[in-house]
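Report on the following structure.
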Amino acid sequence: MTDSKTAYAGPQRVLSGVQPSGDLHLGNYLGALVKFVALQDQMECLYCVVDLHAITTWQEPKRLTAQTREIAAAYLAAGVDPKKAAIFAQSAVPAHAELAWIFQCVARLGWLDRMTQFKEKSGKHKERASVGLYTYPVLQAADILVYKATHVPVGEDQKQHLELTRDIAAKFNHDFDAPDFFPLTQPVIEGPGARVMSLRDGTAKMSKSDPSDQSRINLTDDADAIAAKIRKAKTDPEPLPEALDGLAGRPEADNLVGIFAALSGRTKAEVLAEFAGQGFGRFKPALAELLTARLAPVTAEMRRLLADPAQIDRVLADGAERARAVAEPILAETKRIVGFWPG
Ligand code: AMP
Ligand code: TRP
């Protein structure tokens with residue numbers, strides 16, 4: 001069902017989103033924001049703040065509004081140009097939720113039962129999780145397909161949700177005899193920043209839900225905090241190897257080299273060529289310096305933007321209007337295909 005060959009002939013379009021449910025960290029920056037910026041010169045781009053997804057777990061209402069503006073500010077500070085890309089809140093475009101309902105009737109329970117993110121997030125007591133948390137990936141498919149987006153820049157953890165999106169598109173196209181109506185969307189995942197790991201454990205993903213703040217670099221961390229976290233980051237006593245295969249079985253070393261590579265726009269092999277034979281006593285300060293040089297301007301710009309929420313609100317209002325203009329005709333055509341009145 002997930003054959004990558006498709007005769008879809010519509011325009012190439014990018015959609016992605018980040019939840020306003022916590023502070024952004026280096027994983028979000030490298031896995032998502034850096035790619036958002038790179039794609040805006042290549043295709044039409046739409047970047048939303050997925051507040052409907054955020055409320056699948058409890059969010060304090062005032063905090064939700066503030067975090068939505070913070071994520072929008074992070075998009076802008078990272079370099080997303082609101083003239084090129086539409087930046088908007090998901091809840092400001094009702095077509096997402098409407099298409100999600102149709103897709104809930106296309107997706108199968110068995111498909112959702114396999115979703116690993118639900119299993120992780122619902123924990124031991126899944127009967128206490130919200131129904132929305134379970135159908136979360138269906139809403140994500142609607143976010144993407146309500147724009148017929150062909151490309152979705154995300155971190156590696158979203159791969160399974162993108163596969164589900166393709167399965168929903170294929171089943172819809174097949175069931176309603178509408179060949180190639182929805183595209184089979186491609187994830188944009190590649191690169192060393194696609195899976196940034198915890199600074200305390202190279203086998204666990206860097207995550208906002210990790211109880212230890214030492215495990216992640218937050219976009220709001222200052223130079224001192226970054227230096228301290230990198231200094232304390234778990235490593236091994238060996239010097240850096242000459243080639244990639246020397247990183248096998250050394251997840252922490254691999255992660256730090258990957259972060260260096262992603263931040264400097266190089267491959268891990270190129271980073272190793274520079275640092276081969278050196279210990280972490282040398283490598284860590286270089287990494288901390290690079291992190292500060294890359295993140296400090298983003299943090300400063302975020303602070304500046306958040307001091308004037310009216311400017312962010314103008315960006316969000318304009319983005320929502322542009323997003324609605326793309327989504328509404330696609331939703332209307334979908335409803336016609338399904339057979340909703342007046343046909
Ligand atoms: P979230 O904060 O879960 O809404 O994630 C926002 C974006 O950041 C998604 O594209 C994720 O795949 C990406 N992301 C989250 N954590 C990481 C990580 N540790 N490494 C790379 N990308 C990540
Ligand atoms: N599920 C994504 C995450 O946790 C957020 C998201 C919601 C998303 N809708 C999307 C990402 C559509 C890409 C496209 O990170």
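Just so you know, ligand 1 is whichever comes first in the structure, and atom 1 is the first atom listed for that ligand. This is a predicted model, so every value here is computed, not measured. Numbers for residues simply follow the sequence, beginning at 1.
- Remark: ligand 1 and Q158 share no N or O pair separated by less than 3.5 Å (distance only, no angle test).
- Counting only heavy atoms of the protein, atom 6 (C) of ligand 1 lies nearest to N28 ND2, 3.4 Å.
- Residue V152 has at least one heavy-atom neighbour below 4.0 Å for each of these atoms of ligand 2: 13 (C), 14 (C).
- Nearest-residue assignment for atom 3 (O) of ligand 1 (options M206, R216, Q19; heavy-atom criterion): Q19.
- L290 contributes atom CG, which lies 10.0 Å from atom CD1 of I226 (distance to the nearest 0.5 angstrom).
- Closest to atom 20 (N) of ligand 1, if we only count protein heavy atoms, is V196 N, 2.9 Å.
- In terms of polar-atom proximity, V18 is not counted as a contact of ligand 1, lacking any N or O under 3.5 Å from an N or O of the ligand.
- The distance between the ring centers of H96 and Y147 falls below 6.0 angstrom.
- Looking from atom 9 (C) of ligand 1 to the surrounding protein, the closest heavy atom is G155 N, 4.1 Å.
- To the nearest 0.5 Å, the span separating CG on L133 from OG1 on T56 amounts to 5.0 Å.
- Close to ligand 1: G193, with a non-hydrogen atom less than 4.0 angstrom away.
- One finds no salt bridge joining R195 and D157 here, because no Lys/Arg side-chain nitrogen approaches an Asp/Glu carboxylate oxygen to under 4.0 Å.
- Residue-to-ligand polar distances place Q140 within reach of ligand 2: an N/O pair is separated by less than 3.5 Å.
- Considering D157, V154, N255 only, the shortest heavy-atom separation from atom 12 (O) of ligand 1 involves D157.
- Residue K208 places a heavy atom under 4.0 Å from ligand 1.
- Considering backbone and side-chain N/O of A32, none are found under 3.5 Å from N/O of ligand 1.
- We find that D313 and R69 are joined by a salt bridge, their nearest charged nitrogen and carboxylate oxygen being less than 4.0 Å apart.
- Ring-centre distance between F88 and Y47: not below the 6.0 Å cut-off.
- Summary of contacts: the protein heavy atom closest to atom 21 (C) of ligand 1 is A194 O, 3.2 Å.
- R63 has its side chain within reach of E70: a pair of non-hydrogen atoms, C-beta onward, lies under 4.5 Å apart.
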What verdict does the side chain to side chain donor-acceptor pair (under 3.5 Å) test give for D201 and T203, after you've listed the backbone C-alpha separation in whole Å, the side-chain angles of each residue and the deciding distance to 0.1 Å? CA-CA 5 Å; D201 174 0; T203 62; 2.6 Å; yes

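- Looking at ligand 1, you won't find any N or O of K205 less than 3.5 Å from one of its N or O atoms.
- Using a 30° and 60° split on the angle between ring planes, F172 and F176 fall in the tilted class, from 30° to 60°.
- Taking 4.0 Å as the cut-off between side-chain N and carboxylate O, D213 and K229 count as a salt-bridged pair.
- Aromatic pair F275/F280: centroids not less than 6.0 angstrom apart.
- Between the choices A142, S16, G155, the shortest heavy-atom distance to atom 13 (C) of ligand 2 belongs to S16.
- Close approach of ligand 2 to V50 (heavy-atom distance below 4.0 Å) involves ligand atoms 7 (C), 9 (N).
- When hydrogens are left out, the protein atom nearest atom 1 (N) of ligand 2 is Y136 OH, 2.7 Å; that is the closest non-hydrogen contact.
- Of all the atoms in ligand 2, the ones that sit under 4.0 Å from a non-hydrogen atom of Q19 are 4 (O).
- Considering only heavy atoms from C-beta on, Q40 comes within 4.5 Å of V80 through its side chain.
- Within the 4.0 Å heavy-atom shell around ligand 1 one does not find M197.
- Atoms of ligand 2 found under 4.0 Å from any heavy atom of L15 (numbered from 1 in listed order, with element): 12 (C), 14 (C).
- Annotation: atom 3 (C) of ligand 2 to nearest protein heavy atom, Q158 NE2, 3.4 Å.
- Although no hydrogens or angles enter the test, the distance criterion places a donor-acceptor pair under 3.5 Å between the side chain of K35 and the main chain of G31.
- The part of H25 lying near ligand 1 is the side chain, judged by heavy-atom distances below 4.0 Å.
- The distance from ligand 2 to the heavy atoms of V154 drops below 4.0 Å at these ligand atoms: 11 (C), 13 (C).
- Closest to atom 18 (C) of ligand 1 by heavy atom, among G27, G258, A54, S209, is G27.
- The six-membered or imidazole ring of F118 lies away from that of Y136, with a centre-to-centre distance of 6.0 Å or more.
- In this structure, atom 9 (N) of ligand 2 lies nearest to the protein heavy atom D143 OD2, 2.7 Å.
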